[in-house]
Trainee: 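Would you mind keeping the following structure in view while I ask a few things?
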Amino acid sequence: MKTDVLTRPVTATQAPAANGIRKPRRVRSRLRSVLLIASLIVMAIPFAVPTLWMITSSFKPLNEIFASPPTLFAENPTTAAYVDAFTFQPFAQQYLNSLYIAAIVTVVAMLVSSLAGYAFARIRFPGKNVLFLIVLTGLLVPSEVTIIPLFQIFKNLGMINTHLPLILVPAIGAPAVLGTFIMRQFFISLPVELEEAARLDGLGRVAIWWRICMPLAKPALSAVAILTFLGSWNMYLEPTVYLTSPELFTLPQALTRFTDAYGGEMWDTQLAAATMTVVPVLVVFLIAQRQFVEGLAHSGLKG
């Protein structure tokens with residue numbers, strides 16, 4: 001009686017052969033993982049070492065910063081530079097200025113970009129694609145091109161030496177344009193059936209946007225929030241143009257003012273102040289890094 005080849009049981013002599021095939025595959029998979037991790041570590045060194053040196057050097061006396069040969073860690077650590085950062089100028093107020101400006105800009109940009117992104121993704125109206133291309137051209141115009149006419153506008157409105165230009169321009173300018181693109185791409189990827197079901201339940205456009213789309217758009221919103229917060233936090237040209245009072249300065253502008261009576265750089269104080277400016281950005285990114293990566297993946301910006 002013949003036995004079907006497909007139903008023939010595996011004998012003891014055949015099992016080791018299968019295990020022998022799996023083992024090289026596991027070894028190759030682990031080897032690829034090790035090589036990938038090692039490559040990422042090597043590529044991260046040019047970015048991690050300067051940041052680590054900045055942090056450790058902020059605890060060094062001035063003579064150790066320029067010691068030869070250089071050292072990574074302080075031999076006699078001190079916090080004097082951190083104390084000087086707050087006593088030399090109103091650094092605490094300047095820190096608060098950057099925090100609340102970046103927070104307001106981020107919230108407003110998220111609101112504007114989500115509304116505009118939903119409109120471009122779901123609402124049909126004449127000239128929608130042409131208007132979207134016109135909006136995207138805002139990303140191609142450098143801020144240096146528009147800074148003079150904007151200065152004249154804010155001067156006529158009496159907003160010079162206030163924080164209003166630093167809030168209005170980024171909130172509805174290029175950061176909001178990039179956020180609009182990210183949100184539009186994300187909303188396009190959502191199933192149309194969700195919106196149709198919400199309409200059957202009697203929800204209008206605003207209710208669908210707020211109650212259906214926004215809860216699902218957390219990854220895209222995280223990406224917009226991080227990019228907008230980082231752009232506002234690092235903004236330097238606009239504060240230099242619009243602000244003249246030290247108590248109104250933001251952190252990028254304040255970092256350039258740590259000089260002694262002879263105009264020399266106070267390197268230890270600058271390093272301490274720069275270290276403190278990095279903390280909020282790291283905190284924001286660590287909290288939302290997973291959603292940030294997912295948001296970029298849905299928007300089509302991933303590499």
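We number each residue from 1, following the sequence as shown.
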Trainee: So for atom NZ, which belongs to Lys128, do other residues, nucleotides or ligands contribute more than 12 heavy atoms lying within a distance under 6.0 Å?
Mentor: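 Enclosed: over 12 neighbouring heavy atoms sit under 6.0 Å from NZ of Lys128.
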Trainee: Linking I/L/V/M/F/W/Y whenever their side-chain heavy atoms sit closer than 4.5 Å, directly or via other members, would Ile45 and Leu40 fall into one cluster?
Mentor: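 Each belongs to a different hydrophobic cluster.
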Trainee: Testing the basics here: between Thr277 and Ala274, what is the closest heavy-atom pair and its distance to 0.1 Å?
Mentor: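 So the two residues come closest at OG1-O, 2.5 Å.
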Trainee: Determine the interplanar angle of the Trp267 and Phe66 rings, folded into 0 to 90°, and report it as parallel if under 30°, tilted if 30 to 60°, perpendicular if over 60°.
Mentor: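 Rings of Trp267 and Phe66: perpendicular, as their planes differ by over 60°.
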Trainee: Going only through I, L, V, M, F, W and Y residues with side-chain contacts under 4.5 Å, is there a path from Val112 to Leu164?
Mentor: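 Result: yes, single cluster for both.
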Trainee: Are Lys60 and Thr71 side-chain neighbours, meaning at least one heavy-atom pair lies under 4.5 Å?
Mentor: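 SC-SC contact between Lys60 and Thr71 confirmed.
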Trainee: Does any part of the side chain of Pro149, heavy atoms only, come nearer than 4.5 Å to the side chain of Gln152, both counted from C-beta?
Mentor: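 No; the side chains remain at least 4.5 Å from each other.
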Trainee: With a sphere of 6.0 Å drawn around CD1 of Ile148, does it hold more than 12 non-hydrogen atoms of other residues, nucleotides or ligands?
Mentor: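 12 or below, so no.
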Trainee: To the nearest 0.5 angstrom, please state how far the CE atom of Met183 sits from the CG atom of Leu178.
Mentor: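 So the gap between those two atoms works out to 12.0 Å.
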Trainee: Starting from the C-alpha separation in whole Å, work towards a yes-or-no answer on ring pair (Phe, Tyr, Trp, His ring centres under 6.0 Å) for Phe59 and Tyr82.
Mentor: CA-CA 8 Å; Phe59 295 98; Tyr82 287 87; 5.1 Å; yes
Trainee: Out of curiosity, Ile147 CD1 to Thr240 OG1, how far, rounded to the nearest 0.5 Å?
Mentor: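 Going from the CD1 atom of Ile147 to the OG1 atom of Thr240 covers 9.0 Å.
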Trainee: If you look at every heavy atom in Met54 and Thr275, which pair is closest and at what distance?
Mentor: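 So the two residues come closest at O-OG1, 3.6 Å.
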Trainee: Any sub-3.5 Å donor-acceptor pair from Gln253's side-chain atoms to Tyr236's backbone N or O?
Mentor: no
Trainee: Just wondering, do Phe249 and Phe91 contact through their side chains at under 4.5 Å, heavy atoms?
Mentor: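 Side chain of Phe91 against side chain of Phe249, heavy atoms only: no contact under 4.5 Å found.
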Trainee: Is the ring pair Phe125/Phe120 parallel, tilted or perpendicular, if the boundaries are 30 and 60 degrees?
Mentor: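 Answer is tilted, since the angle falls between 30° and 60°.
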Trainee: Is it the case that the side chain of Ser245 and the backbone of Glu247 share a donor-acceptor pair, with hydrogens and angles ignored and the cut-off at 3.5 Å?
Mentor: no
Trainee: For Asn97 and Gln93, run side-chain hydrogen bond (donor to acceptor under 3.5 Å, both in side chains): C-alpha distance rounded to whole Å, both residues' side-chain angles, the deciding distance at 0.1 Å, then the answer.
Mentor: CA-CA 6 Å; Asn97 293 339; Gln93 180 62 46; 2.9 Å; yes
Trainee: Which value, rounded to the nearest 0.5 Å, describes the distance between Tyr242 atom OH and Phe151 atom CZ?
Mentor: 8.0 Å
Trainee: Does Ile182 share a hydrophobic cluster with Val135, counting links as ILVMFWY side-chain heavy atoms below 4.5 Å and allowing steps through other members?
Mentor: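 Per the 4.5 Å side-chain linkage, Ile182 and Val135 are co-clustered.
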Trainee: With side chains defined as the heavy atoms from C-beta onward, is the minimum distance between Phe229 and Val105 less than 4.5 Å?
Mentor: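 With C-beta onward as the side chain, the pair stays apart.
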Trainee: Think Arg122 forms a cation-pi with Phe187, using NZ or CZ under 6.0 Å from the six-ring centre and within 45 degrees of its axis?
Mentor: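 Cation-pi check for Arg122 and Phe187: fails.
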Trainee: Does a side-chain heavy-atom distance below 4.5 Å link Thr180 with Leu136?
Mentor: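 No, every pair of side-chain atoms sits at 4.5 Å or beyond.
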Trainee: For a quick test of reading the model, state the closest non-hydrogen atom pair linking Thr162 to Leu243 and the distance between them.
Mentor: O-CD2, 3.3 Å
Trainee: Taking Ser98 for its side chain and Tyr95 for its backbone only, find out whether a donor-acceptor pair lies under 3.5 Å.
Mentor: no
Trainee: Can Leu168 and Phe154 be said to form a side-chain contact (heavy atoms from CB on, under 4.5 Å), step by step?
Mentor: CA-CA 10 Å; Leu168 295 176; Phe154 289 123; 4.1 Å; yes
Trainee: Can you give me the closest heavy-atom contact between Ser113 and Gly179, atom names plus distance?
Mentor: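 What the structure gives for the nearest pair is CB-C, 3.3 Å.
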Trainee: Of the non-hydrogen atoms in Asn76 and Pro61, which two are nearest, and what is the gap between them?
Mentor: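 Residues Asn76 and Pro61, closest heavy atoms: O-CD, 3.5 Å.
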Trainee: Looking at Ala81, is its backbone amide N or carbonyl O close enough to the side chain of Asp268 to form a donor-acceptor pair, meaning the two atoms are under 3.5 Å apart?
Mentor: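 No, Asp268 side chain to Ala81 backbone: no donor-acceptor pair under 3.5 Å.
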Trainee: State the CD1-CG distance between Ile104 and Leu99, to the nearest 0.5 angstrom.
Mentor: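 Ile104 CD1 to Leu99 CG: 11.0 Å, rounded to 0.5 Å.
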Trainee: Would you say the side chain of Thr250 lies within less than 4.5 Å of the side chain of Gln94, judging by non-hydrogen atoms?
Mentor: no
Trainee: Counting only N and O atoms by type, is there a donor-acceptor contact under 3.5 Å from the side chain of Ser232 to the main-chain atoms of Thr228?
Mentor: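 Judged by distance alone, no pair lies under 3.5 Å.
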Trainee: Any side-chain to backbone donor/acceptor pair from Asn161 onto Thr244? Under 3.5 Å, distance only.
Mentor: yes
Trainee: So, taking the atom named CG in Leu216 and the one named CG in Leu221, what distance separates them when rounded to the nearest 0.5 Å?
Mentor: 10.5 Å
Trainee: So that I know where these two stand, are His163 and Tyr100 an aromatic pair - ring centroids less than 6.0 Å apart?
Mentor: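 Here the rings of Tyr100 and His163 have centres that are less than 6.0 Å from each other.
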Trainee: According to a 4.5 Å side-chain heavy-atom criterion applied to Ile, Leu, Val, Met, Phe, Trp and Tyr, with indirect links allowed, do Ile123 and Phe186 form part of one hydrophobic cluster?
Mentor: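 Hydrophobic grouping puts Ile123 with Phe186.
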Trainee: Under a 4.5 Å cut-off applied to non-hydrogen side-chain atoms, are Pro252 and Met235 in contact?
Mentor: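 No, every pair of side-chain atoms sits at 4.5 Å or beyond.
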Trainee: Same cluster or not: Leu150 versus Val241, using hydrophobic residues (I, L, V, M, F, W, Y) connected whenever any side-chain heavy atoms lie under 4.5 Å apart?
Mentor: yes
Trainee: For Leu237 and Glu144, run side-chain contact (heavy atoms from CB on, under 4.5 Å): C-alpha distance rounded to whole Å, both residues' side-chain angles, the deciding distance at 0.1 Å, then the answer.
Mentor: CA-CA 8 Å; Leu237 175 63; Glu144 293 82 1; 3.9 Å; yes
Trainee: Short question: side chain of Gln89, backbone of Arg257 - any donor-acceptor pair under 3.5 Å?
Mentor: no
Trainee: Run the side-chain contact (heavy atoms from CB on, under 4.5 Å) check on Ile41 and Ile37 step by step: do they pass?
Mentor: CA-CA 6 Å; Ile41 292 175; Ile37 294 173; 3.9 Å; yes
Trainee: What's the shortest heavy-atom distance between Ala225 and Met110, and which atoms?
Mentor: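 That closest heavy-atom pairing would be CB-SD, 3.7 Å.
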Trainee: For Arg205, is the CZ atom crowded, meaning more than 12 foreign heavy atoms sit under 6.0 Å from it?
Mentor: yes
Trainee: Please report the interatomic distance CG(Asn234) to CG(Leu251), rounded to the nearest 0.5 Å.
Mentor: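 Spacing of CG (Asn234) from CG (Leu251) equals 10.0 Å.
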Trainee: State, with a plain yes or no, whether a side-chain heavy atom of Phe181 is found less than 4.5 Å away from one of Leu139.
Mentor: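 Answer no - side chains too far apart.
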Trainee: I'd like to know if the side chain of Thr51 reaches the main chain of Phe47, judged simply by a donor and an acceptor atom lying under 3.5 Å from each other, with no hydrogens or angles considered.
Mentor: yes
